[in-house]
Structure formats: structure tokens, C-alpha cells
Amino acid sequence: MFARERVSAGSRAMPLSAVDRCRIAFLFALAALLLPLLSHTAFAAYPERVIKIIVPFAPGGGTDAIARVLAQEMAKDLGASIIIENKPGAGTIIGAQAVASAEADGYTLLMGSFAHAVNPSLYAKLPFDPNKDFAPVAFIARSPNIVVVNPKSSFRSVADLIAAAKAEPDKISYGTFGTGTSAHLAGEMFKRMAGVNMTMVPYKGSAPAITDLIGGQTQVMFTTVASAASLIEGGQLRALAVTTAERSPAFPQLPTVAETGLAGFEAETWYGLFAPAKTPPEIIDRLNRSAAKAVQADAFKKLSVNEGLVLIATPPEEFGRYYRSEVERWRKVIEQAGIKAE
């Protein structure tokens with residue numbers, strides 16, 4: 001671009017003339033003007049190929065269902081194909097690692113959930129850094145867990161449950177769908193805040209845990225709306241309270257656990273979209289706007305009724321703050337209870 005003078009060893013470089021200095025300054029200024037324009041043009045073309053959302057669970061569950069409706073609606077808005085790839089295993093670590101190691105170009109995303117916030121405390125070592133290797137894109141939805149008992153139980157309120165647990169420590173058992181799940185950690189938080197001892201019984205999934213609750217093998221469960229709603233309506237389970245800070249639109253008649261006397265109690269299942277760290281902010285913003293539009297679709301509203309969801313779609317910064325607060329909330333519970341991943 002510029003003519004250079006070859007300078008031999010021992011010689012001195014010739015000073016630049018005023019004209020050369022002006023020419024160099026002009027070229028730097030021109031580059032500063034052109035680079036944002038070129039960058040904008042590149043991002044304006046996004047997306048140019050298929051986007052993949054990795055779901056770190058097997059097909060058929062709540063996270064998978066939400067991801068598929070999200071993909072369907074975002075594809076309409078973005079004008080691109082979006083596919084779901086299920087990568088279950090190791091408590092969502094396999095799927096999350098696939099996203100952490102992917103190119104930061106907006107074409108590989110993670111459907112994150114409650115597990116993404118608790119894994120840093122459950123596992124001594126992860127193959128990625130949850131705080132440094134992911135960029136929050138959009139907070140999609142949240143959902144309460146429900147405190148449920150057998151309809152033949154004498155427990156008709158959370159106060160009844162606490163009184164019984166205090167009267168006979170460790171006699172009451174609560175079922176979970178695995179170590180470190182929302183059902184497990186909500187139960188551990190409940191024990192700590194209520195000052196009671198109850199025995200945790202782990203199951204491989206919510207269905208067998210609920211079956212044993214109905215059968216009387218366990219006494220209580222902190223389960224999801226999706227797994228319990230139809231059973232509550234059918235009289236096979238009795239609901240005592242929801243675990244969120246506010247009452248659930250799905251069960252507005254139920255008090256929150258906090259309302260029953262455990263002020264500050266809050267535990268919820270949530271879903272959010274993440275991208276690899278260093279994904280360009282322009283792409284993050286485009287995806288966020290698309291997700292916000294997607295949750296307004298009729299298909300999402302129908303799903304929200306079935307799953308007991310409260311649809312959110314917050315900006316990336318707000319989702320990031322929420323995620324960090326969840327990591328800290330459950331770190332304390334996990335450390336105090338001495339829980340380790342199986």
C-alpha cells in the first residue's frame with residue numbers, strides 16, 4: 001500500500017514527510033469508517049445456514065418440547081431452518097460441552113435449564129467453565145414445582161407437613177427424580193428453612209417417583225407442574241403449595257411455600273437459550289429478539305398451559321443476572337447439604 005525504503009544495518013530510517021503522515025492518517029480514518037460497515041453487512045446476512053439447538057436431554061421431556069416449539073417459531077422469524085439435536089447424558093454435561101466447544105458464530109445454541117446452574121456445584125470438575133464458556137441469549141420461561149402428597153394423607157397444608165416432620169424426624173420421605181434435580185434441591189431447601197429432617201428417596205425419573213407417592217411408599221414430593229397437573233385434577237394427588245415466589249397462573253388457588261411461613265423460599269424450573277462465549281453481540285441481539293417474538297406465538301401459549309410455564313423472554317443481560325443468582329442460590333443449598341453428583 002505504501003512504498004517502503006529498504007534500510008540496511010547501521011543506517012537510519014528516513015523521517016516521514018508531512019504528506020506521508022497525512023496519507024497514513026487518512027487511511028487509518030478510512031479503515032475506522034469502513035470496518036463497522038463491513039461488520040454490519042456480515043451480521044445483516046445472518047443466518048445463512050441451518051441453526052442447531054442442542055437439548056441436553058432425551059426427546060420427549062419438557063425441555064425438549066419447549067426447544068422444539070421455540071425452534072419452530074424462531075425459524076419463521078429468522079427465515080432459516082432450525083433443528084433440534086438431543087445430546088443427553090452426564091446430567092446435561094455432554095450437551096453443554098458440545099456447545100461450549102462449538103464455533104461462536106450463532107449456529108450452535110444450548111437449551112439450558114435448572115441443571116446448567118447447579119452442575120458447577122454438584123461436580124468437582126467440569127469439561128467447561130459455565131461462567132466463561134457461554135453467553136446468555138434469552139430467558140424463555142420459568143415454572144414452579146408443586147408440593148404434592150397422597151390424597152389419603154393427613155397433610156392438608158405445608159404447616160401440617162412441617163409439624164409432622166418435626167414430631168418424627170426422618171420418618172417422612174420425599175421422592176425425587178434424581179440427585180441434584182429441582183425436586184431434590186427444593187426438598188433440601190425446604191428441610192433447611194423449615195428446620196426439619198426428611199429422607200430423600202431418588203428415582204430414575206418423575207413417573208416412578210409419583211407412582212410410589214400414590215402407592216404410599218413415600219409421603220411427599222416437590223415435582224413439576226407438567227408431571228403432576230393431570231393427577232391433581234384427577235384426584236390422584238393433593239397439592240399443598242407451589243414453590244415459586246409468586247402464585248402460579250396454572251394453580252392460582254394454591255399458596256406459595258413462602259406464604260405458608262417460610263419467607264424467602266423460592267425454587268423453580270426454568271429454561272433459557274445460551275450460545276458459545278464470544279458470539280458476536282449483534283447475533284446475540286438478533287436471536288434474543290427472535291426468541292421474544294417466538295414466545296408470543298399461539299403454539300407457545302398453548303404449551304405454557306400444558307407445562308405450567310410463565311413466559312419471559314428477557315434481554316441477555318437480565319438473563320445473565322438471573323442465571324448467576326441461580327448458581328449462587330443452589331451453591332449454598334448443595335454445600336450445606338453436602339450433595340455430590342452420583
Side-chain angles (χ1 to χ4, degrees), residues 43 46-47 51-57 62-64 66-71 73-75 77-78 80 82 84-85 87 91-123 126-143 182 185 244-245 266-296 300 304 309-331:
F43 293 128
Y46 173 86
I51 297 171
K52 177 169 57 180
I53 298 179
I54 290 180
V55 175
F57 296 97
T63 307
D64 182 67
I66 291 166
R68 290 181 187 278
V69 175
L70 182 68
E73 298 303 324
M74 287 181 66
D77 177 62
L78 294 170
I82 302 181
I84 299 298
E85 183 174 329
K87 282 186 173 293
T92 76
I93 292 172
I94 292 174
Q97 184 179 7
V99 176
S101 59
E103 290 293 325
D105 54 11
Y107 290 99
T108 304
L109 307 172
L110 174 70
M111 193 71 235
S113 65
F114 177 86
H116 197 62
V118 302
N119 280 345
S121 300
L122 285 176
Y123 294 87
L126 292 171
F128 51 79
D129 187 325
N131 295 314
K132 296 180 180 179
D133 293 340
F134 298 91
V137 174
F139 190 5
I140 303 301
R142 62 192 348 157
S143 176
S182 61
L185 297 183
T244 38
E266 184 176 1
E268 60 189 5
T269 302
W270 57 265
Y271 308 91
L273 206 58
F274 292 88
K278 299 182 181 179
T279 298
E282 294 87 349
I283 290 179
I284 296 287
D285 180 66
R286 181 70 185 93
L287 289 167
N288 178 270
R289 287 185 284 114
S290 184
K293 186 175 180 180
V295 300
Q296 300 302 317
F300 237 118
S304 71
L309 302 176
V310 175
L311 302 176
I312 307 293
T314 61
E317 298 78 13
E318 189 173 335
F319 179 35
R321 287 192 293 271
Y322 172 83
Y323 169 72
R324 290 188 292 274
S325 71
E326 282 287 278
V327 171
E328 183 61 19
R329 177 199 306 276
W330 297 113
R331 180 190 64 77

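Under the rule for a side-chain hydrogen bond (donor to acceptor under 3.5 Å, both in side chains), the partners of Arg68 that lie at least two apart in sequence or sit in another chain are Asp64, Asn86. By the side chain to side chain contact (heavy atoms under 4.5 Å, CB included) test, Pro276 pairs with Val99, Ala102, Ala104, Thr279, sequence neighbours left out. Partners of Asp105 under the side-chain hydrogen bond (donor to acceptor under 3.5 Å, both in side chains) rule, at least two apart in sequence or in another chain, are Arg49. For the side chain to side chain contact (heavy atoms under 4.5 Å, CB included) test, residues two or more places apart in sequence or in another chain that qualify with Asn131 are Asp129, Tyr323. Not counting sequence neighbours, Asp133 has no partner by the side-chain hydrogen bond (donor to acceptor under 3.5 Å, both in side chains) test. For Ala135, the side chain to side chain contact (heavy atoms under 4.5 Å, CB included) criterion is met by Ile284, not counting sequence neighbours.
In this pair, Trp330 and Phe114 present their aromatic rings perpendicular. The plane angle is above 60°, beyond the 30 to 60° band.
Side-chain contact check for Leu78 versus Arg286: some heavy-atom pair is nearer than 4.5 Å. Looking at heavy atoms from C-beta onward, Tyr322 lies out of side-chain contact with Thr314 at the 4.5 angstrom threshold. Between Pro280 and Tyr46 the shortest side-chain heavy-atom distance does not fall below 4.5 Å. Taking the side chain as every heavy atom from C-beta outward, Leu309 and Tyr271 approach each other to under 4.5 Å. Between Val310 and Glu268, every side-chain heavy-atom pair lies at or beyond the 4.5 Å cut-off. No side-chain heavy atom of Ser101 sits less than 4.5 Å from a side-chain heavy atom of Phe128. A 4.5 Å side-chain heavy-atom check between Leu287 and Met74 finds at least one atom pair inside the cut-off.
Minimum interatomic distance between Ala291 and Ala313 (heavy atoms only, all atoms of both residues): O-CB, 4.3 Å. Between Asn288 and Ala138, the shortest heavy-atom distance links the atoms ND2-CB, 3.6 Å. In terms of heavy-atom proximity, Ile54 sits nearest to Ala98 at CD1-CB, 3.7 Å. Contact detail for Pro47 and Ile51: the closest heavy-atom pair is CB-CD1, 3.9 Å. Of all heavy-atom pairs spanning Met111 and Pro56, the tightest one is O-CD, 3.4 Å. Ala277 approaches Lys132 most closely through the heavy-atom pair CB-O, 3.1 Å.
How far NZ of Lys87 is from CD of Gln97: 10.0 Å, rounded to the nearest 0.5 Å. Rounded to the nearest 0.5 Å, atoms CZ (Phe57) and CD1 (Ile94) are 12.0 Å apart. In this structure, Ile140 CD1 and Ser113 OG are separated by 12.5 Å, a value rounded to the nearest 0.5 Å.
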After noting the C-alpha distance and the side-chain angles of Ile53 and Leu273, does the key distance pass the side-chain contact (heavy atoms from CB on, under 4.5 Å) rule? CA-CA 9 Å; Ile53 298 179; Leu273 206 58; 4.3 Å; yes
Show your working on side-chain contact (heavy atoms from CB on, under 4.5 Å) between Ile66 and Phe300 and close with a plain yes or no. CA-CA 8 Å; Ile66 291 166; Phe300 237 118; 4.1 Å; yes
Can you check side-chain contact (heavy atoms from CB on, under 4.5 Å) on Ile312 and Trp270, steps first, answer last? CA-CA 10 Å; Ile312 307 293; Trp270 57 265; over 6 Å; no
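Side-chain atoms of Asn119 come within 3.5 Å of backbone N or O of Gly91 as a donor-acceptor pair.
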